[in-house]
Protein chains: 2
Amino acid sequence: MHEILIEQGILSKNDEIAGKNREWLRARGVFSINMVSSPGSGKTSIIEKTAGLVNGLLKLAVIEGDMETDLDAERIRRHGIPAKQITTGRACHLDAHQVHHVLPWVFEQGGIRLLIIENVGNMVCPAEYDLGEEMKVAVMSVTEGDDKPLKYPALFSASEALIINKTDLLPYTDFNMERARKNALRINPDLRVFETSCTKGGGLAEWCGFLVSSAGRAAKARAK
Amino acid sequence: MHEILIEQGILSKNDEIAGKNREWLRARGVFSINMVSSPGSGKTSIIEKTAGLVNGLLKLAVIEGDMETDLDAERIRRHGIPAKQITTGRACHLDAHQVHHVLPWVFEQGGIRLLIIENVGNMVCPAEYDLGEEMKVAVMSVTEGDDKPLKYPALFSASEALIINKTDLLPYTDFNMERARKNALRINPDLRVFETSCTKGGGLAEWCGFLVSSAGRAAKARAK
């Protein structure tokens with residue numbers, strides 16, 4: 001019981017800072033997403049591909065969350081995209097406070113319109129922590145099994161989009177795409193589902209189209 | 001600061017119960033392991049294969065940890081192995097207290113010699129929670145990338161064995177086995193590494209040989 005009360009306190013403090021982050025980003029015309037998945041689902045690869053497709057339309061910056069190392073930020077920087085690494089140490093998720101500290105860096109990059117936050121690889125805790133993003137995007141790969149939405153419902157119900165990645169490996173797994181979609185939509189009927197392959201390239205244009213149009217809609221709504 | 005102190009309190013309470021679990025299991029000649037990985041690395045498949053190979057030698061019971069559903073326990077039961085599901089709800093890891101409640105069930109199965117605990121799919125938090133097991137076993141699949149040990153060092157340093165699974169998918173990924181082993185051994189030089197494929201069968205005999213001999217050594221040490 002104590003544990004639950006303390007946790008609620010931590011979460012409500014987090015939500016307060018997340019609200020400030022969201023205001024800050026909106027005021028500067030930055031559309032932000034928070035990508036969540038298990039380790040190794042291909043989040044960084046998807047961001048690399050997304051950068052190639054959308055950076056001409058929307059100037060992009062990336063925040064990378066990992067417990068240790070800045071391997072992921074280095075990967076992104078190789079594409080000429082500004083990337084900031086947050087190492088969380090023992091923590092299994094980013095929190096709004098950590099993102100808050102990085103916002104001045106986003107501003108310094110000049111003219112950023114899209115901020116992609118790659119969370120620590122974990123399907124559980126990141127689902128509960130609002131960072132101030134406009135939308136959460138869940139990522140899973142076909143090698144993880146089509147029952148994941150049922151086993152980790154919190155993430156799927158908190159997300160607006162689901163990317164099912166590594167479709168190139170479908171022939172070598174018993175992953176059933178129809179069942180995966182059905183499981184995901186059972187948890188969240190409004191989820192937009194994209195099937196992608198970063199090695200073969202499928203589905204990335206659809207995903208990026210959705211991302212750019214979501215950013216556009218948000219900008220229009222703010223302008224009103 | 002408060003958060004850290006509270007966490008230490010929770011962990012020390014957990015460790016106390018874990019110690020009791022360990023004593024209880026040892027006194028009844030049960031060797032126990034705690035399997036930890038991201039969602040979809042193939043823990044349940046490895047347990048299914050392990051059951052087939054070791055159940056004649058060591059009578060086996062399985063505790064399945066998941067946030068929701070008892071899909072995994074059902075999979076294990078189909079092999080005639082007693083399996084108990086613990087659903088953790090919002091919690092991203094099993095704790096010693098949850099396992100403590102299930103110990104009477106282990107006893108009721110009669111003559112259990114090996115208890116496999118499959119933790120919630122998460123590479124982060126389960127690494128910190130002792131459940132009373134004799135050893136932690138980390139699992140990763142080749143589709144997750146060979147940099148995982150560097151990014152999630154806590155799990156790899158807390159484990160005695162590492163199973164690198166889904167080696168049948170090696171030809172379709174850029175996973176470098178030598179680099180993965182080097183990264184894992186850099187974090188923990190004593191780690192025993194096994195390369196397995198549950199679909200093609202490779203490496204499972206070596207893993208099960210290690211498991212059975214570890215249980216045997218523990219039994220001998222207790223008899224002294």
Side-chain angles (χ1 to χ4, degrees), chain A residues 2-4 6-7 9-10 13 37-42 44-45 66-72 75 87-93 95 120-128 140-155 165-166 168-175 183 187 199, chain B residues 2-4 6-7 9-10 13 37-42 44-45 66-72 75 87-93 95 120-128 140-155 165-166 168-175 183 187 199:
Chain A
H2 267 296
E3 206 172 330
I4 292 170
I6 291 157
E7 200 190 318
I10 292 169
K13 181 73 191 155
S37 81
S38 340
S41 297
T44 315
S45 297
D66 276 297
M67 295 181 78
E68 300 278 351
T69 82
D70 63 344
L71 295 171
D72 285 348
R75 275 175 64 185
T87 52
T88 61
R90 284 170 56 216
C92 58
H93 59 86
D95 63 37
V120 179
N122 180 348
M123 275 196 145
V124 185
C125 309
E128 297 204 19
M140 59 185 278
S141 75
V142 303
T143 61
E144 293 168 33
D146 46 44
D147 57 353
K148 286 298 152 297
L150 302 181
K151 289 163 100 178
Y152 302 90
L155 171 60
N165 193 32
K166 304 194 189 181
D168 50 291
L169 295 178
L170 273 172
Y172 317 110
T173 68
D174 58 358
F175 188 93
N183 287 340
I187 302 297
T199 56
Chain B
H2 267 297
E3 204 173 332
I4 291 169
I6 292 157
E7 200 191 318
I10 293 169
K13 181 74 191 155
S37 80
S38 339
S41 297
T44 315
S45 297
D66 276 297
M67 296 180 77
E68 299 278 351
T69 82
D70 63 344
L71 295 171
D72 285 347
R75 274 175 65 184
T87 52
T88 61
R90 284 170 57 215
C92 58
H93 58 85
D95 63 38
V120 179
N122 179 348
M123 275 196 145
V124 184
C125 308
E128 297 203 19
M140 59 184 277
S141 74
V142 304
T143 60
E144 293 168 32
D146 46 44
D147 56 354
K148 286 296 151 299
L150 302 181
K151 289 162 101 177
Y152 302 90
L155 171 60
N165 193 30
K166 305 195 189 180
D168 50 291
L169 295 178
L170 273 173
Y172 317 110
T173 68
D174 59 359
F175 188 93
N183 286 341
I187 302 297
T199 55

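In the text below, chain A, chain B and the rest are named by the order of the sequence lines, each starting its count at 1.
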### Task
Tell me, for A:L150 versus chain B, whether the close heavy atoms (under 4.5 Å) come from the side chain, the backbone, both or neither.
both
### Pairwise distance CG(B:D147) to CZ(A:R75) - rounded to 0.5 angstrom
7.0 Å
### Gap separating the CD1 atom of A:I187 from the CD atom of B:E68, nearest 0.5 angstrom
7.5 Å
### Query
Would you say the side-chain atoms of A:S38 and B:S38 include a donor-acceptor pair closer than 3.5 Å?
no
### Message
Quick check on B:M123 against chain A: is it the side chain, the backbone, both or neither that has a heavy atom closer than 4.5 Å?
### Response
side chain
### Query
Considering all heavy atoms of both residues, which atom of A:K166 and which atom of B:E144 are nearest to each other, and what is their separation?
NZ-N, 4.4 Å
### Choice from B:T173, B:T199, B:D174, B:L169 maximising heavy atom contacts with chain A below 4.5 Å
B:L169
### Heavy-atom contact with chain A under 4.5 Å, split by part of B:K151
both
### Query
Closest heavy-atom contact between B:C92 and A:V124?
CB-CG1, 3.0 Å
### Message
Going by side-chain contact (heavy atoms from CB on, under 4.5 Å), name the residues that satisfy it together with A:T87, two or more places apart in sequence or in a different chain.
### Response
A:Q85
## Note on the structure
Answer key: most heavy-atom pairs under 4.5 Å with chain B among A:P39, A:A154, A:A91, A:S41 is A:P39
### Task
Determine yes or no for a side-chain-to-main-chain donor-acceptor pair under 3.5 angstrom, with B:Y172 supplying the side chain and A:Y172 the backbone.
no
